[in-house]
Each structure stands twice: as structure tokens, then as C-alpha cells.
There are 2 protein chains.
Amino acid sequence: MSTAQVPGATVARLPGYLHALEAVRGTGVVTSEELARAAGVSPAQLRKDLSFLGSYGRRGVGYDVAHLERQIGAVLGVQTRRTVVIVGIGYLGHALASYGGFAERGFDVAALVDADPQVVGTRVAGLVVEPVDALAQVVARTGATVGVIAVPAPYAQDVCDGLVGAGVTGLLTFAPRALRVPDGVTVRAVDVASELQILAFHDARRHEGV
Amino acid sequence: MSTAQVPGATVARLPGYLHALEAVRGTGVVTSEELARAAGVSPAQLRKDLSFLGSYGRRGVGYDVAHLERQIGAVLGVQTRRTVVIVGIGYLGHALASYGGFAERGFDVAALVDADPQVVGTRVAGLVVEPVDALAQVVARTGATVGVIAVPAPYAQDVCDGLVGAGVTGLLTFAPRALRVPDGVTVRAVDVASELQILAFHDARRHEGV
DNA sequence: TAGATTGTTAATCGATTAACAATC
DNA sequence: TAGATTGTTAATCGATTAACAATC
């Protein structure tokens, strides 16, 4: 299963297909139409996306739910456990640390880090928060390959540098800042204020009469 | 300023440009190269994007920071205050309610709603949490046009329906579920577990030797 | 004028959609 | 076999990139 040639847009939709498949677990077979509706895409797009992974359906029948779930899971590497360290334990960091949905996706939150002495040492979601000075050691000890940045924007690049320097190769940031990383490090950014502004744009357009 | 023909990909980058401009406030003029680096895009893409809005730069000189900030702000409707209601006041809802970055982007969080009787009535970020039964009244009273869905996945569609039924036209959801909405309602979805899986995919690909 | 930088054009690239032959 | 649905092809659409003429 060479995943090298799977388009980025397709990769971004695979987790959604996995979600949709989980929702119909127990059903033996689904058609592209059913699964596409559940995932919020068109049947044509679903089939096209799946065709990049291989031929996992049966013409005239549909897709075997359990089999397809395994295949997509394999492409996304669900069976490979990945260790995550969360930096910044404010409300957002709390929310992420407490989120139960990571484990079944192959992610283990192994450490929490914060700069605030008041927060360091407290217990959050079963983990003791460690000081940001110890970031490199924490990454080394836990073998974390993914870092989540939930600190205020002005500190995001420093935390990013620290994580990358310690060997993390995947970053998820919630700070509204473009992060500079070396080649070989992947960054995904979630910016809530930007999302709201995109909504606002579409809303304004609507009232413009488009 | 007809914004009708601004491509979706461009719209999605405009908030990032606004951020980058804020960072260089005080500087009189920036070139596309400087601003592009700050925003994490190529100079060519920045100029292309801005060209959809109009001709706000001066050849041989660059862009006037204050002027460009006003123009992009206008396209995104920053000056139009929008009222937001947040549904689901767990850690994530707390984080969103407490986030200070919304106000300067034109968003006023006017109400918080939760289904848990233990949470209803408590004060969060200066607002008293209201019961989800009163969702329609809350939307009507506050005039909210944007709804943020931070409830567990199984309740997301119900909350979505309630918000849309009450007149909200923009939705930001954090639940890993495809939401069904009527035409005229815009949905933006943030799915943290999916983001991590996309990181994992790229990481796995790296170890495959691509 | 000479140098710099935008705005725009054209070429390339990637993603989506539609249609249908293959096949269960 | 007849009906259904996939996998794939081809056409369309949209986004990105590169280059350069316009112009400050």
C-alpha cells in the first residue's frame, strides 16, 4: 500500500470517512452513496478518494464496513501508537488533555507542559504538568513525535522551536501565528478567530445579495 | 468593493494577512515579500490574493500597512459587529468563552448555553450559562448570527438544528460529525483528532522513505 | 533616469465532477 | 440474466506559480 501518491485533499478527508464508518459499524456493507452522505461529501468524490488507496469495494454491492475501516485506518497509521505532548495548559490545553477521542485514533497524550509556576505540578487529566524549561527532556523521555501548541501567540514560535529541536516532527498549533519550521516537519494550524471571520465573510456576502 | 468574486482559498487566507499586518503596525509600508514571509505564504500568492480585493499597493514601494489593514478588515466585515452564542460549556467552551481575541475581530460572545443543570446558572467569562431548552429565545434575544458548537458529537446535529431554526446563519463546530444544514447556512468545522491523523499520515510517509 | 515592486497574464498544477464501462 | 454499484476516464473547474510589463 504505497501511500505516496494520495493527494493531500484526499488525505484530509480520510479521517472523516473513518468517523462515518464507525457510525455504521455493525452494518455489513455500505454503498458510496450512504457513506458519502454520512461524511458530507458527494458519492463521486468518495469513490475517487478511495480509489487512491486501492480497490476495496465490490461493484454492484458496496464496501465492507469492517474491511474498509481497517484499510483507511492502516493508511492513516491508526495502529501505530503516537505520543503527544501538549504545551500550554490553559482552558484549551485542559480541553485537549481531557479529550477522550485521541486514544482510539492512535494518539497517547503522554505529557503536559506549561510555563506558569502556578500550573506546573498540578494534576490534569491524570498527568502532572511539567515546566516548559524541561521541554526537551519531556520529549526525549516520552518519545513524543507530535506536539500540540496551545500557548498565547507571542510564545508560539519559541515553543515550536523547542519542540522541533527536541525531535518532534508533527505540530498542531492553535496560536494565530505562522510558524517557521525546517523541512521535514509538518504543521497543521487551527485558528478559531480566522474561522469566525470566514463565516462573517460569507454572511456579509449573503446580505450583499449574492 | 464587490467581494462576490473573491476565491474561497483567498478568503481563507485573509485573516492571516490581517494578523501579519497587526504585527507590523507602526511600520509605514511593507512589501509583498515581507508580508508574505510573516504570513507564511509566497509573495506571488499574496499579491495575487490582494489583487482580488483591488489595487491597494504602490508599485516600486509596497503596501501602506494601515490602509491595507483597513481594506482587508472591510472585506472581512470587521467593522460589522457580530453576535456569537456558544453551545456546550465544557473545557473547550470555557476556552472559547474566555478567548480575548474575538472582540477585535468583530465578534461579541453574547451568550453561553449548556445542557447540564450543574453548569447552567454558573458564571463563565462574565456570562451566566443558560439552559439549552432556551436556545431559541437566547438567539432571538441576543440577535446572534453565529453559533459555536462545542458539545459532544452525538448532540451536535440537534444543537445545529436548534441554532439554524433560531436564525443563525454561520456555524463553527468542533464535533467530529458532518452537519446537515439548509442552503444559506455556512459551516466551518474544526476537528482536532482529524488534524492529528493528518500529521500522522505525513509522519508515516516520511518513515516510508518518500 | 534607474531601481524597485506591484498587478496581471499565462502556464502549470491539482482537485472536483460527471458519465459510463467494468463487474459483482 | 438483470440490476446495481464500483472504479476509472475525461472534462471541467479552481488554485498556484512564475514571469514580466506597468509604474511608482
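As a basis for the values below, the full set of heavy atoms in this structure was taken, side chains included, without hydrogen atoms, waters or symmetry mates. Chain A is the first sequence line, chain B the second, and so forth, proteins listed ahead of strands; every chain is numbered from 1.
- The CD atom of B:Q45 sits 15 Å away from the C1' atom of C:dT8 (whole-angstrom rounding).
- No hydrogens or angles considered: a donor-acceptor pair under 3.5 Å links the side chains of B:R105 and B:H19.
- Side-chain atoms of B:D203 and A:T169 include a donor-acceptor pair closer than 3.5 Å.
- Note: CZ (A:R58) to C1' (D:dG7) measures 15 Å, nearest angstrom.
- Phosphate proximity of D:dC24 to B:Y63: absent, as no side-chain N or O sits under 4.0 Å from OP1 or OP2.
- Rounded to whole angstrom, the span from the CG atom of B:D49 across to the P atom of D:dT16 amounts to 7 Å.
- Nucleotide C:dT16 forms a Watson-Crick or G-U wobble pair with D:dA11, both donor-acceptor distances falling under 3.5 Å.
- Place A:A44 and B:S51 on DNA chain C by their nearest nucleotides, and B:S51 ends up nearer the 5' end.
- The interatomic distance linking A:L46 (CG) with D:dT8 (P) rounds to 14 Å, in whole Å.
- A:A9 comes within 4.0 angstrom of sugar-phosphate atoms only, judged by non-hydrogen atoms across all strands, and of no base.
- The distance between atom NZ of A:K48 and atom P of C:dT17, rounded to the nearest whole Å, is 12 Å.
- Regarding A:R47, its CZ atom lies at a distance of 16 Å from the C1' atom of C:dA15, rounded to whole Å.
- A straight line from CG of A:D64 to P of D:dG7 spans 12 Å, rounded to a whole angstrom.
- Taking atom OH on A:Y56 and atom C1' on C:dT23, their separation rounds to 19 Å, with Å as the unit.
- Atoms OH and CZ, from A:Y63 and A:R47 in turn, are 6.5 Å apart once rounded to the nearest 0.5 Å.
- With hydrogens and angles ignored, the 3.5 Å screen pairs no side-chain donor or acceptor of A:R13 with any backbone N or O of A:A39.
- Applying the 4.0 Å criterion to OP1 and OP2 of C:dC20, one finds that A:R59 has every side-chain N and O outside that range.
- For B:S32, a side-chain nitrogen or oxygen approaches OP1 or OP2 of C:dT6 to under 4.0 Å.
- Side-chain contact of B:D49 with B:Q45: a donor-acceptor pair under 3.5 Å is absent, judged by distance alone.
- Nucleotide D:dT5 forms a pair with C:dA22, judged by Watson-Crick or G-U wobble geometry with both contacts under 3.5 Å.
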